[in-house]
Amino acid sequence: VTTAAVVPAAGRGERLGPGTPKALRDLGGLPILVHAVRALVSARSVDLVVVAAPPDDGGVDDVRLLLADHVPMANVVVVPGGASRQQSVALALDHLPLSVDVVLVHDAARPLVPVELIDSVTSAVRAGASAVVPVLRVSDTIKEIDPGGRVVRTIDRSVLRAVQTPQGFDRQLLAEAYLSAAAEGIDDLTDDAGLVERMGHTVVVVPGHEEAFKVTRPFDLVIAEAVLARRRSAGVMA
Ligand code: C5P
């Protein structure tokens with residue numbers, strides 16, 4: 001029995017501004033993806049990492065070479081991703097060996113995920129939960145607005161949680177969820193656990209970590225650089 005981590009890394013990252021695909025942009029001298037894969041490879045609970053690379057010309061080879069410069073590749077596989085995050089994850093799932101029974105799905109765009117969070121998600125699945133998501137309370141008040149931009153209502157903040165990755169799953173359940181989504185023509189899901197919820201299965205939460213945030217906009221890169229600088233000055237390998 002083994003645990004595999006699937007890493008969708010094929011996104012353009014348009015909200016970050018024009019340029020190379022988001023996963024390949026620089027963070028503290030290394031591509032964002034390298035940080036994410038390093039964390040997964042270092043996690044004791046992860047046996048195999050499958051990266052879905054940008055599918056354009058040379059994307060897979062470029063990503064493989066780039067990772068090989070910084071990460072031990074014995075347990076890392078790079079495959080072509082797809083046109084949506086959902087397709088990228090589905091393509092990576094197709095490459096898992098039969099022995100894999102637990103799958104984590106982790107955004108390349110969350111490069112500073114702590115290793116402890118990765119292991120805690122795996123443990124929760126191994127302890128019997130078939131779907132696990134790390135969550136944080138939200139610090140802003142969230143309002144629903146109508147198409148005209150007027151406030152419809154304010155949602156009670158105490159029941160809201162922001163969801164991070166890695167999300168962890170029983171492999172069979174996640175594979176079924178992806179197959180049924182494809183059969184129904186759904187192609188825009190950004191939350192893997194959402195698929196499992198739709199099938200009526202329980203999704204369990206574990207405490208997330210503020211350093212597992214997603215790099216989406218330029219400001220997020222500023223924060224990520226600061227977190228990395230703090231880790232490096234504390235002597236943590238990063
Ligand atoms: O754009 P966003 O931040 O929501 O993307 C989340 C993750 O999904 C990123 O790691 C991105 O590289 C990945 N993705 C992908 N294939 C796509 C689009 C996004 O692997 N076609």
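Just so you know, residue 1 is the first one in the sequence shown, and it goes up from there. One-based numbering, in listed order, for ligands and for the atoms of each.
- For the pair L30 and H35, the minimum side-chain heavy-atom distance is below 4.5 Å.
- Nearest protein neighbour of atom 13 (C) of ligand 1, counting heavy atoms only, is P8 O, 3.5 Å.
- For the residue pair K22 and A109, the shortest heavy atom distance occurs at CE-CB, 3.5 Å.
- The minimum heavy-atom distance between L67 and M73, with the atom names listed, is CB-SD, 3.7 Å.
- Between A52 and ligand 1, a contact under 3.5 Å exists for no N or O pair.
- In terms of N/O distances under 3.5 Å, ligand 1 is not approached by V215.
- Nearest to atom 2 (P) of ligand 1 by heavy atom, out of E14, K214, R217, R12, is K214.
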Margin query: Pair E211, R230 - check salt bridge (Lys or Arg N to Asp or Glu O under 4.0 Å), show working.
Written below: CA-CA 12 Å; E211 293 182 6; R230 187 178 65 185; 2.6 Å; yes

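- Side-chain contact between R85 and V105 is present, with at least one heavy-atom pair separated by less than 4.5 Å.
- In this structure, atom 21 (N) of ligand 1 lies nearest to the protein heavy atom G82 O, 3.0 Å.
- The minimum heavy-atom distance linking A177 with V196 is given by the pair CB-CG2, 4.1 Å.
- For the atom pair CZ of R137 and CZ of R161, the computed distance is 4.0 Å after rounding to the nearest 0.5 Å.
- The protein non-hydrogen atom at the shortest distance from atom 20 (O) of ligand 1 is A10 N, 2.8 Å.
- Looking from atom 7 (C) of ligand 1 to the surrounding protein, the closest heavy atom is D107 OD1, 3.5 Å.
- The nearest heavy-atom contact from the protein to atom 12 (O) of ligand 1 is G11 N, 3.0 Å.
- Contact analysis leaves A23 out of contact with ligand 1, as no non-hydrogen atom separation drops below 4.0 angstrom.
- Polar contact check, S88 against ligand 1: a nitrogen or oxygen pair lies under 3.5 Å apart.
- Closest heavy-atom approach to atom 1 (O) of ligand 1 within the set R15, R110, R85: this belongs to R15.
- Distances below 4.0 Å separate heavy atoms of K22 from the following atoms of ligand 1: 1 (O), 2 (P), 3 (O).
- Using a non-hydrogen distance threshold of 4.0 Å, A83 registers as a contact of ligand 1.
- In summary, of the residues considered (L66, D62, V34), a side-chain contact (heavy atoms from CB on, under 4.5 Å) with L24 occurs for L66 alone.
- Within the 4.0 Å heavy-atom criterion, the part of S84 lying near ligand 1 is the backbone and not the side chain.
- For the atom pair CG of L136 and CZ of F213, the computed distance is 12.0 Å after rounding to the nearest 0.5 Å.
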